[in-house]
Every structure is written in C-alpha cells, then in structure tokens.
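Structure, as structure tokens:
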Amino acid sequence: MTTRKFETEVNQLLHLIIHSLYSHKEIFIRELVSNASDALDKLKYLTLTDEAFKSLPFDPRIDISFDKDKKTLSIADTGIGMNEADLMEQLGTIAKSGTRNFVAQMTGDAKKDSNLIGQFGVGFYSCFMVADRVDVVTRRAGEDTAWQWSSDGKGEYEISGAQRDTAGTTVTLHLNDNGIEYANRWQIESIIKKYSNHIPFPIHLHFEDVRYEGKDKDRKEIKEQKVEKINEASALWKCSKQELKDEDYKEFYKSIGHDTEDPLLWVHTKAEGTMEYATLFYVPKKAPLNLYYSDFKPGVKLYVKRVFITDDDHDLLPRYLRFVRGVIDSEDLPLNVSREILQQNRVLAKIKSSSVKKLLDEFKSLAADAEKYAAFYKEFGRLLKEGLYQDYENREDLLELVRFKSTGAEGFASLANYKDRMQADQKAIYYVTGEKEETLRESPLLEMYRKKNIEVLIMDDPVDELVMPSVGRYKDIEFKSINRSDAAEELKTEQDKQEEKKAEPVIKRMKDVLGNEVKEVKASARLSDSPCCIVVDEKDPTVQMQSLLKAMGQEGPEIKPILEINPTHEIIKKLESVQDDRLFEDATRLLYEQALLIEGAPVKKPVDFVRRLNSMLGRAL
Ligand code: ADP
C-alpha cells in the first residue's frame, strides 16, 4: 500500500467544495453518475473501433446500492476503469489548468459555485461533502490488475492492489452525518430522475423491499433484494418533439449542462433525408464565468449513431457560439472519425452551418421580446459582436442581432432602429469609441452631431474597436467613426469653410508651437461649445485602440493625433490677437492637453501642464 499526498490545489479545492456547496450537496450523485456514464462512453467507443477491445465483453450499466446500517452508498459502472497511474493522475492531481481559475472564481454563493463545479470538471471531489471516506475499486478494461484508491479527503490518499472480477469502477462512499439521508431509495431515485434520467445507459438501483404475509400473529416480514431500472436511459435528442415535454428538455439540460438553473431556450432539430442527424442546443441563462479564458471548454458533444465521440472539439460550432451547450448526433459519420477528418468533413460542415442558422433564427425570435432579449444580450452580446468578424457568412443576420448604446435611444439600439431614425440627408451610421460611456456622452466630438440631430452610437466595449472597422457597412450604409478626422468633413457648410480660411494664420502659429507632437492642426466643423478636440487620421488606430494594443504587448510606432480647433470659439478668436509668444505657447499647449485628457489619453508632462495652468490662473484672477 502506498500513501500519497494530494496536489496542493486538490486540498484547497476539497476544502472549498465542502464548505461552499453545502446547500447543494445532492449534486455529488449527478457528478458520480456522469463520470460513470463518461467511462461507459469511452469503453463503448473502443469496443466499436479498436481491434484490441472488440472481443471484450461489454454490458454497459450503472448500479447504485446502499446500506443504511453500514452507512454506505456505492455507484458501480462497467466502463473503461482506471489503472494505478490513472488513479494517481485523475484522482490525485488536478490536471486541468482551469481548476486554478475555479478556485479563484469561487464566489461563496452556493448556487453559483455549484454551477462552476461542473464547468471546471472537479466533480468527483464533491463526494467528500457527504462522506468521511471514499473507496474507489477499479480495473481498467483489457488489464488484469484491479486497484483500490482510498481517501478521507483530508490531504492524503492510499492506493493498494484490489479484487474486481470485471472491468469498471465502483465508488463507495462511507457516508457522514450530512450524507446519511442519501442512503434512501426514494432520495436516490428522485435525484437520478432530476439530473440523470437521459444518460444513455441503464441505471439500476438495488434496494431491500419489505413485504408482509399472513395475518395477525402469523404475520411475517419478508425482506427481498430487488433491482429496478430507475432512469429513462434513452437519448433524449433522438425522441420526436411531440413525445417530449418542456420538463424533459429542462432536466436533460441540467444533467448535461451541470447547471442548476433552467436554460434560457433550446433548439431541437431532427433532420431526415439526404442527411440524417439530430441536434439539441441549449442557451444557458447566465454566461459561464470562464467564457473568455483561452482554455474554455465548449459545451457541445458529438455523437455518431448515439455513440459518444468527443466533447473537446472546438469547431463543432463557431467560436463565438461557445456558450451554446448540447448535442450533435449524426447517422452519416464513421465511428472512428479522427480529429483531422472531423475538421474537413463535409457532413459535419453542413450540420454546423445549418445549426448556426437555426440558432441565429432563434435569437431573432427572442429579439421580438425586448426585455427577454436584453437579458440574453447582457450575457452573450459581446460574443455576437465577435461573430461579426468571425462569421462572414452570417454577418447580415448578426448585424440584426447586435445592439449598441446610442445618443438617440434609451437602453440599447438595434441598427434597424438607427436606420429608421436617420436624417433624410444622412449618409453614414456614426459611432464614437472610447472607454467610458459617461465620458463619451459628454465628448466634444459629439457636439455638432447633437446640434444637427444626428444619432451617434456609443461604443464603450473594447471589442467594438476591433470589430467595427472590419464590418464596414450595415445594408448599404457605411459605418463612420467620429473619432477620425475625416468623419466631420461632410458636416462642413460654406460658412464653415470661410471661418476655416480666416483661422489659417492662428492654425499655423499653433502648429509651430506643437511641432512634432501632432500630425496636424486643423479647423473643424464638428465643434460648437468646445474650443478643440483630438482625433486620429483615417488609417491610424484610435487612442483606445493604441492602449488596447499596448495591453496586448504590441507596441507599434507612436501615433500622432490631429488637433482640431473650433475657429468660431471665443478662445480661438482671442488667441488670434495674442502677441506675447510665451502666452500664446502656454495657451496652445493647454488647449492640446485638455483635448488629450477628454479623450482619455495621458498628458506627457503633468508638471508642465500644472505650471501652465497655474500661470494662466494667476493671470485670470
Ligand atoms: P471530470 O469528470 O470533469 O473530468 P472528475 O473530478 O469528476 O472530473 O473526474 C476526474 C477524472 O477521474 C475523470 O476525468 C476520469 O478520467 C476519472 N474518473 C472519475 N470517475 C471515473 C469512473 N467512474 N470511471 C473511470 N474514470 C473515472
């Protein structure tokens, strides 16, 4: 017998699980049954595809038994099993980097944390919520030796040789005071029905039935061991829609999605004809917290003729739909599809493309209910924007689905609504990008648009900055960023042009002062109340984009901004007649620096800025 220590993270995790998932302790049954089902899936696949496993006996089943007096509960499967190395690796360490994130994400809110458990794949350890000691007796299919793994979940585990006649795994829990309630036929049955009814393997419950025979003093108590299949054991996605009730869909979602909440919606499709397949997709109510991690595991499982193939293929749906969970089951793929084949497979490509269309259609119907859609959009809207540049084929549809904050509407505006509100002679859809909504709404860049009653979309999500330039247009209307210098060109009237001419000398003087710090100083028609603003050249990244690139470690060449001035503004008018060069320089620099600040860019030398400001204050007071 060897005793080993758990990896540090396992210890930390055990502690957290036991303390935070307390009000949901029943999920340990779901987790153990789901592990058993995975193990059966794995062996089933091998017996169908691998010569070495084809001749092995395979009677797929899960058996649950309990003993109230001995305080035990066992879950046994005839699946792939584990050898000594597997045991150490799978149950003694936490192989997945996601687990560290899990620990970091624990919120202390039992409901949220119990959802996290499934997402990060740390399900097995949940059994220590209800057990003082857990024994795992297991034998790997195709191998002769069986092993026992034992632990009290307090830092160490033991592994020793054991006896098991067939391949598979038996997990025995020695229940503690919190767990004893689960040594009960009705409890187990109702939990299985709730979470694991549609696991595609039979789950048998072993229990003792007590009957009475005879009357009065002849009455005898007869105890009988019984075994009953307690789950549906059918692949739900293969059933016809008519057979299924909403409750069935919801329960199935909870078992495959490791979620305690109902899904927001589902889309069930059964295609027959040239291609035969079934898909069942779910959208959760809440976005998983790790959605933006690079190691996020997508939630769609691929089956071929009801045989589980993989849940680790990132391309079953496009990346931006990674929040969708569910099942794709094809009748037309070979069972031993390799990853490479999957990637180029035409059958799968077709299923994928029609699945995406179905899902987007479903989102469109959801959009008919503004309130519901807002809730959905809050969770997943950002991913739909990702879709705008990832999925060219469906861009038109995605453009109907994205929403933006706007100067022309409360809450979120759709592009269709924006289009309806456009001015008769308006040529483009205008948007402004930046970090904070409040700053953007106050930005001098907006002044003239506001005056002319032209709506501007407020884009304060960093992803907008990446997405919008690649999108180009909505229907036949161009998108224009008003952070760029040429956007305001078309606002210019004859009078503006005359003012611009008059301002030429002061502009030249200002340019001489600022020298190489700016790309250009020019007159603008976009300002009405502010003296000046910062914009960028048509092809240059905006200020926010520059800091985004910097954050991603991509420091490009320094981009010089353009200073636009308002030739009719009082300060600019006064500046025209300033003779004192020192005063002119201070004023010009202050104008430039305030424009930078409003744009969210840092001033280069705060000390000089403050000195200039104070000298001006001194003069004014
Ligand atoms: P997950 O199932 O999400 O990977 P778990 O902590 O529940 O995480 O299980 C860890 C690993 O232990 C599994 O990935 C699997 O390799 C192994 N395992 C657990 N239960 C069984 C079982 N009944 N049969 C075979 N392997 C199992």
Side-chain angles (χ1 to χ4, degrees), residues 6-7 9-14 16-18 21 27-46 53 58 60-64 73-103 114-131 134-143 146-151 153 157 159 162 164 166-173 195-196 199 201 203 255-259 288 290 295-299 301 308 310-312 325:
F6 282 120
E7 238 188 0
E9 276 80 17
V10 178
N11 263 329
Q12 209 176 343
L13 195 69
L14 284 169
L16 283 164
I17 288 174
I18 291 166
L21 291 184
I27 61 156
F28 79 94
I29 294 189
R30 174 187 78 189
E31 296 300 322
L32 295 180
V33 166
S34 134
N35 282 348
S37 168
D38 290 348
L40 288 162
D41 268 332
K42 282 180 198 155
L43 186 55
K44 180 172 177 185
Y45 175 72
L46 288 175
F53 288 84
F58 182 49
R61 57 185 285 154
I62 296 168
D63 287 90
I64 305 182
L73 172 68
S74 295
I75 298 184
D77 65 69
T78 54
I80 184 82
M82 287 175 272
N83 57 26
E84 189 181 16
D86 293 336
L87 277 172
M88 289 192 303
E89 177 153 329
Q90 316 286 11
L91 301 186
T93 62
I94 291 177
K96 297 181 198 86
S97 60
T99 308
R100 276 179 192 83
N101 297 326
F102 171 83
V103 174
S114 68
N115 286 342
L116 282 175
I117 288 258
Q119 288 163 26
F120 286 104
V122 289
F124 172 79
Y125 304 105
S126 62
C127 57
F128 287 105
M129 287 188 293
V130 293
V134 176
D135 299 327
V136 179
V137 174
T138 179
R139 194 176 120 195
R140 188 160 169 106
E143 296 182 17
W147 298 94
Q148 167 155 328
W149 177 101
S150 267
S151 177
Y157 62 90
I159 295 185
R164 201 179 196 283
T166 54
T169 302
T170 306
V171 179
T172 302
L173 313 188
Y195 295 113
S196 314
I199 294 271
F201 303 104
I203 301 174
S255 79
I256 63 157
H258 297 281
D259 201 340
N290 53 348
D295 59 359
F296 180 74
K297 212 171 151 193
K301 294 175 195 272
F308 172 79
T310 177
D311 59 0
D312 197 26
R325 292 173 182 158

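Below, all heavy atoms of this structure are taken into account, side chains as well, without hydrogens, waters or symmetry copies. Numbering of ligands and ligand atoms starts at 1, following listing order. Predicted model only: the values in this text are computed from it and were never measured.
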**Study point:** Region of V171 that comes within reach of ligand 1 [heavy atoms, distance under 4.0 Å]
**Key:** neither
Check your understanding: If you measure from atom 21 (C) of ligand 1 to every heavy atom of K42, R140, M82, Q90, which option wins on shortest distance?
Key -> M82
Practice item. Specify the closest pair of heavy atoms between Y125 and Q90, including all atoms of both residues, with the distance to one decimal. Key: OH-O, 3.8 Å
**Study point:** Taking every non-hydrogen atom, the tightest pair across F28 and S126
**Key:** CA-OG, 3.4 Å
Practice item. Answer yes or no: is there a side-chain heavy-atom contact under 4.5 Å between I75 and T170? Key: no
**Study point:** R139 (side chain) donor-acceptor with R164 (main chain) under 3.5 angstrom
**Key:** yes
Check your understanding: Going by the order shown, which atoms of ligand 1 are within less than 4.0 Å of some heavy atom of L91?
Key -> 12 (O)
Practice item. Before signing off on this row, confirm whether D77 and ligand 1 have an N or O atom pair separated by under 3.5 Å. Key: yes
Study note, to complete from the structure: Sorted by chain and number, sequence neighbours left out, side chain to side chain contact (heavy atoms under 4.5 Å, CB included) with V136 holds for M82, L87, L91, F124, V134, T138, W149, T169, V171
Check your understanding: Any N or O on F124 sitting closer than 3.5 Å to an N or O of ligand 1?
Key -> yes
Study note, to complete from the structure: Logged contact type for T138 with ligand 1, heavy-atom cut-off 4.0 Å, is neither
Check your understanding: Can an N or O of Y125 be found at a distance shorter than 3.5 Å from an N or O of ligand 1?
Key -> no
Exercise for review: Provide the full list of side-chain hydrogen bond (donor to acceptor under 3.5 Å, both in side chains) pairs with a residue in residues 74-84, sequence neighbours left out, each pair given once.
Suggested key: S74-T172, N83-E143
Exercise for review: Could you tell me which atoms of ligand 1, counted from 1 in the order shown, lie closer than 4.0 angstrom to a heavy atom of A39?
Suggested key: 24 (N), 25 (C)
